[in-house]
Enquirer: 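Shown below is the structure under consideration.
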Amino acid sequence: LGTLNVEDAADILEEMEPDEAADLLSELTVEQVEDLLQAMDAEDAADVAELLRYDEDTAGGLMSNDFIALVPATTVGEALAQIRREDLPEFIYYIYLVDADESLTGVVSLRTLLISADDTPLANLVGDPALLITAQIDEAANDVAEQMVRYNLLAMPVIEDGKLVGIIHAHDALERLLPDEAQRDMFGTNR
């Protein structure tokens with residue numbers, strides 16, 4: 001990245017998932033990061049800059065802020081229509097339900113969404129909210145990764161001050177737990 005001119009490097013970063021771009025930028029100097037963020041599209045730069053705020057050894061450092069969140073009253077048909085219109089995240093396993101304050105109220109798997117009747121409100125597809133497994137933004141990354149493996153989660157929502165701020169993908173958690181690069185390569189988690 002350091003050998004490219006700023007505009008070309010910014011174009012590459014804009015094509016990456018925000019969490020991957022933030023990981024890459026965290027290896028550069030503060031001046032390089034500022035130059036690249038200024039050269040990026042404002043919305044993409046804001047997503048990446050938000051992720052750079054968090055320590056890499058916390059849930060915030062593992063998370064992506066690219067996810068789909070809808071209000072619980074949304075019907076399955078409305079949700080599917082909205083998903084078709086959006087620029088989808090790289091990985092989409094769950095639809096997150098949030099209230100007006102952006103507090104997480106539930107999660108619906110994509111599978112459940114696809115097999116449910118179009119007129120069903122998403123709120124009707126959610127299990128017991130007390131059983132919802134989440135991570136706090138400042139929770140230790142290794143602890144979060146171990147929880148994800150223990151409960152076989154494809155993604156885990158991350159909460160800050162009661163609000164949904166991101167999700168952690170299983171492949172990012174697995175990378176935390178594998179001890180060296182050779183093992184990450186063996187399992188195909190090293191990108």
Enquirer: According to a hydrophobic-cluster definition based on side-chain heavy atoms being under 4.5 Å apart (Ile, Leu, Val, Met, Phe, Trp, Tyr only), do I168 and Y93 belong together?
Expert: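 Different clusters.
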Enquirer: Honestly curious: do M156 and V149 fall in one hydrophobic cluster under the side-chain, below-4.5 Å linking rule?
Expert: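 Unlinked, M156 and V149 end up in two clusters.
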Enquirer: Rounded to the nearest 0.5 Å, what separation is found between the CG atom of L25 and the CG atom of L13?
Expert: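 If we round to the nearest 0.5 Å, L25:CG and L13:CG are 5.0 Å apart.
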Enquirer: Going by the rule side-chain contact (heavy atoms from CB on, under 4.5 Å), which residues pair with R84 if we only count those two or more places apart in sequence or in a different chain?
Expert: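 Here the qualifying residues are L80.
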Enquirer: Identify the two heavy atoms, one from I167 and one from H169, that lie closest to each other, and give their separation to 0.1 Å.
Expert: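 Answer, listing the atom of I167 first, then H169: CD1-CE1, 3.6 Å.
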Enquirer: Given a cutoff of under 4.5 Å between side-chain heavy atoms of I, L, V, M, F, W and Y, with clusters grown through shared members, what are the other residues clustered with V30?
Expert: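 Once heavy-atom contacts under 4.5 Å are chained together, V30 still belongs with nothing else.
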Enquirer: List the atom of A39, the atom of V6, and the distance in Å for their closest heavy-atom pair.
Expert: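 Taking every non-hydrogen atom into account, CB-CG1, 3.5 Å.
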Enquirer: Name all residues meeting the side-chain hydrogen bond (donor to acceptor under 3.5 Å, both in side chains) criterion together with Y54; count only those two or more places apart in sequence or in a different chain, and write none if there are none.
Expert: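 For Y54 the side-chain hydrogen bond (donor to acceptor under 3.5 Å, both in side chains) partners, ignoring immediate neighbours, are E160.
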Enquirer: Between side-chain atoms of residues 58-71 and protein atoms elsewhere (two or more places apart, or another chain), which donor-acceptor pairs fall under 3.5 Å?
Expert:
from: T58; atom 1: OG1; to: D55; atom 2: O; distance (Å): 2.7
from: T58; atom 1: OG1; to: G60; atom 2: N; distance (Å): 3.4
from: T58; atom 1: OG1; to: G61; atom 2: N; distance (Å): 3.3
from: S64; atom 1: OG; to: D66; atom 2: N; distance (Å): 3.1
from: N65; atom 1: ND2; to: D47; atom 2: O; distance (Å): 2.9
from: N65; atom 1: ND2; to: E50; atom 2: OE1; distance (Å): 3.4

Enquirer: How would you list all residue pairs meeting side chain to side chain donor-acceptor pair (under 3.5 Å) that involve residues 70-81, not counting sequence neighbours?
Expert: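 Pairs touching residues 70-81 that pass the test: T75-E78.
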Enquirer: Tell me which pairs pass salt bridge (Lys or Arg N to Asp or Glu O under 4.0 Å) where either residue lies in residues 27-40, with sequence neighbours left out.
Expert: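 Sorted result for residues 27-40: empty, none.
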Enquirer: Please examine the side chains of V126 and L122, heavy atoms only from C-beta on, and report whether any two atoms are closer than 4.5 Å.
Expert: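 A side-chain contact under 4.5 Å is absent here.
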Enquirer: Any chance you could measure L52, atom CG, to D23, atom CG, to the nearest 0.5 Å?
Expert: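 CG of D23 is found 9.0 Å from CG of L52.
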Enquirer: With hydrophobic residues grouped by side-chain heavy-atom distances under 4.5 Å, do V165 and L51 end up in a single group?
Expert: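 Yes; L51 is reachable from V165 via cluster members.
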Enquirer: Taking only distance into account, with no hydrogens and no angle test, what donor-acceptor pairs under 3.5 Å do side-chain atoms of residues 134-148 form with protein atoms, sequence neighbours excluded?
Expert:
from: E139; atom 1: OE1; to: Q136; atom 2: N; distance (Å): 3.0
from: N142; atom 1: OD1; to: R176; atom 2: NE; distance (Å): 3.2
from: N142; atom 1: OD1; to: R176; atom 2: NH2; distance (Å): 3.4

Enquirer: Is there a path of hydrophobic side-chain contacts, each under 4.5 Å between heavy atoms of I, L, V, M, F, W or Y residues, that connects I159 with I133?
Expert: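 They do not share one cluster, since no chain of ILVMFWY contacts under 4.5 Å joins I159 to I133.
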Enquirer: Please tabulate, for the side chains in residues 94-115, all donor-acceptor contacts under 3.5 angstrom to protein atoms that are two or more places apart in sequence or on a different chain.
Expert:
from: D99; atom 1: OD1; to: D101; atom 2: N; distance (Å): 2.9
from: D99; atom 1: OD1; to: E102; atom 2: N; distance (Å): 3.2
from: D99; atom 1: OD1; to: S103; atom 2: N; distance (Å): 2.9
from: S103; atom 1: OG; to: G162; atom 2: O; distance (Å): 3.3
from: T105; atom 1: OG1; to: L97; atom 2: O; distance (Å): 3.2
from: S109; atom 1: OG; to: T112; atom 2: N; distance (Å): 3.0
from: S109; atom 1: OG; to: T112; atom 2: OG1; distance (Å): 2.8

Enquirer: Taking a hydrophobic cluster as the set of Ile, Leu, Val, Met, Phe, Trp and Tyr residues connected by side-chain heavy atoms closer than 4.5 Å, whether directly or through intermediates, do L153 and I92 fall within one such cluster?
Expert: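 Unlinked, L153 and I92 end up in two clusters.
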Enquirer: Enumerate the side chain to side chain donor-acceptor pair (under 3.5 Å) contacts for residues 5-16, please, sequence neighbours excluded, ordered by first and then second residue.
Expert: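 For residues 5-16: N5-D8.
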Enquirer: Taking all atoms of both residues into account, what is the closest heavy-atom pair of L164 and P157, and its distance?
Expert: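 Nearest pair, atom of L164 first, then P157: CD1-CB, 3.6 Å.
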